[in-house]
Amino acid sequence: AVGLTLAGMTLPRSSWAIDEKGIPLILPENTKRQTPSKKVTAITLGAGNRGNVYGNYAIEYPDELDIIGVAEPIPIRNQRYCQKHGIKAENSFTTWEHVFEKPKFADTIIITTPDDLHYGPCMKALELGYDILLEKPISPSEEECRDILALAKKQKSIVAVCHVLRYA
């Protein structure tokens with residue numbers, strides 16, 4: 001989890017995540033936190049609530065994550081996400097399928113599409129050699145989950161499953 005959303009405002013994890021002793025978990029002075037050796041470039045598929053949680057991490061830690069592409073069918077969301085991250089017009093897409101018409105241009109794909117739209121983009125991203133940050137659930141189908149696992153192993157790619165929101 002990288003953020004908490006309250007009343008439309010996203011609070012970065014560093015402003016609320018603490019351990020059992022009250023010590024912040026993600027601030028740079030935390031010696032347990034590992035900084036990537038190079039900035040990761042990413043394309044976000046789905047610029048809604050969850051897509052913006054990951055996007056906000058990129059804003060807070062620009063030396064670690066750079067969002068360089070987006071696929072979002074709702075024009076205002078797409079436009080705002082592009083402005084927020086300085087995404088070039090040629091890397092702004094209406095659907096996830098359009099992203100993959102272009103040769104690989106980032107390190108990873110962040111999939112925050114609706115649950116029933118995880119499988120297609122995940123499989124295509126794996127085929128093209130992307131590592132993936134996949135919002136839960138992997139897929140509503142066990143068979144699709146197994147397909148993703150098999151292709152990730154074959155391609156030697158990372159598929160990290162994340163849970164950015166908790167429900168009470």
Side-chain angles (χ1 to χ4, degrees), residues 1-5 8 10 12-13 36 38-167:
V2 294
L4 173 68
T5 303
T10 299
R13 182 174 183 189
K38 73 173 192 79
K39 184 187 316 194
V40 174
T41 57
I43 303 161
T44 303
L45 307 183
N49 188 17
R50 289 178 174 99
N52 274 284
V53 170
Y54 297 111
N56 288 343
Y57 183 92
I59 298 298
E60 187 171 350
Y61 298 98
D63 294 337
E64 297 181 17
L65 179 62
D66 187 13
I67 307 288
I68 63 168
V70 65
E72 171 55 55
I74 299 173
I76 191 69
R77 283 185 183 173
N78 192 312
Q79 187 178 62
R80 287 179 180 160
Y81 205 81
C82 286
Q83 287 174 340
K84 186 177 191 177
H85 296 284
I87 296 171
K88 297 174 186 174
E90 64 265 21
N91 292 339
S92 172
F93 306 92
T94 304
T95 70
W96 66 265
E97 292 94 343
H98 294 131
V99 170
F100 301 120
E101 292 171 0
K102 203 173 172 177
K104 183 179 176 189
F105 65 99
D107 300 313
T108 192
I109 299 284
I110 300 171
I111 301 175
T112 60
T113 55
D115 297 352
D116 62 339
L117 292 176
H118 287 184
Y119 180 75
C122 188
M123 292 297 282
K124 189 64 178 176
L126 286 169
E127 287 172 18
L128 295 175
Y130 286 99
D131 288 320
I132 298 153
L133 183 70
L134 179 60
E135 180 57 30
K136 66 152 177 64
I138 297 167
S139 168
S141 155
E142 179 182 347
E143 182 179 348
E144 289 179 355
C145 291
R146 291 182 183 280
D147 289 348
I148 289 169
L149 176 61
L151 188 54
K153 285 181 175 181
K154 179 181 175 190
Q155 297 291 93
K156 296 184 170 112
S157 292
I158 297 168
V159 177
V161 181
C162 291
H163 303 253
V164 298
L165 299 176
R166 302 276 192 260
Y167 299 96

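If you're wondering where the values come from, they're calculated on a predicted model, not measured in any experiment. Sequential numbering from 1 along the given sequence is applied to the chain's residues.
Atom-to-atom distance recorded for D66:CG and K39:NZ is 4.5 Å, nearest 0.5 angstrom. Atoms CD1 and OG1, on I67 and T44 in that order, are 3.5 Å from each other to the nearest 0.5 Å. Interatomic distance, CG of D147 versus OH of Y119, reported as 3.5 Å (0.5 Å rounding). Of the inter-residue distances, the one linking F100 atom CZ with I43 atom CD1 reads 7.0 Å to the nearest 0.5 angstrom. The line from OH of Y57 to CG of L65 is 7.5 Å long, rounded to the nearest 0.5 Å.
Put simply, the side chain of I68 does not reach to within 4.5 Å of the side chain of K88, judged on heavy atoms. A 4.5 Å side-chain heavy-atom check between F93 and L45 finds every atom pair outside the cut-off. No side-chain heavy atom of V99 sits under 4.5 Å from any side-chain heavy atom of K124. Contact check for M123 versus I148: side-chain heavy atoms found under the 4.5 Å cut-off. Annotation: side chain of K136 is in contact with side chain of R50 (closest heavy-atom distance under 4.5 Å). Counting heavy atoms from C-beta on, the side chains of I132 and S157 never come closer than 4.5 Å.
The shortest heavy-atom contact between H118 and I138 is CB-O, 3.2 Å. Minimum interatomic distance between A58 and H85 (heavy atoms only, all atoms of both residues): CB-CE1, 4.3 Å. The shortest heavy-atom contact between L134 and C122 is CD2-SG, 4.2 Å. Considering every non-hydrogen atom in both N78 and E72, the closest pair reads ND2-O, 3.0 Å. Closest heavy-atom contact between A47 and N52: O-ND2, 3.0 Å. Annotation for Q155 and E127: closest pair NE2-O, 3.4 Å, computed over non-hydrogen atoms.
Counting heavy atoms of neighbouring residues, nucleotides and ligands inside a 6.0 Å radius, atom CD1 of I158 does not exceed 12 of them. By the 6.0 Å contact criterion, NZ on K153 is open, its count of non-hydrogen atoms from other residues, nucleotides or ligands being 12 or less. Within 6.0 Å of atom CD in Q83, more than 12 heavy atoms from other residues, nucleotides or ligands are found, so the atom counts as buried in its surroundings.
Side-chain contact, E143 with S141: no donor N or O sits under 3.5 Å from an acceptor N or O. Inspection of the T41 and D107 side chains reveals an N or O donor paired with an N or O acceptor under 3.5 Å.
No side-chain donor-acceptor contact under 3.5 Å links Y54 to the backbone of T112. Without hydrogens or angle criteria, T108 side chain to D131 main chain gives a donor-acceptor distance under 3.5 Å.
In summary, of the residues considered (L133, L126, I111), a side-chain contact (heavy atoms from CB on, under 4.5 Å) with V159 occurs for L126 alone.
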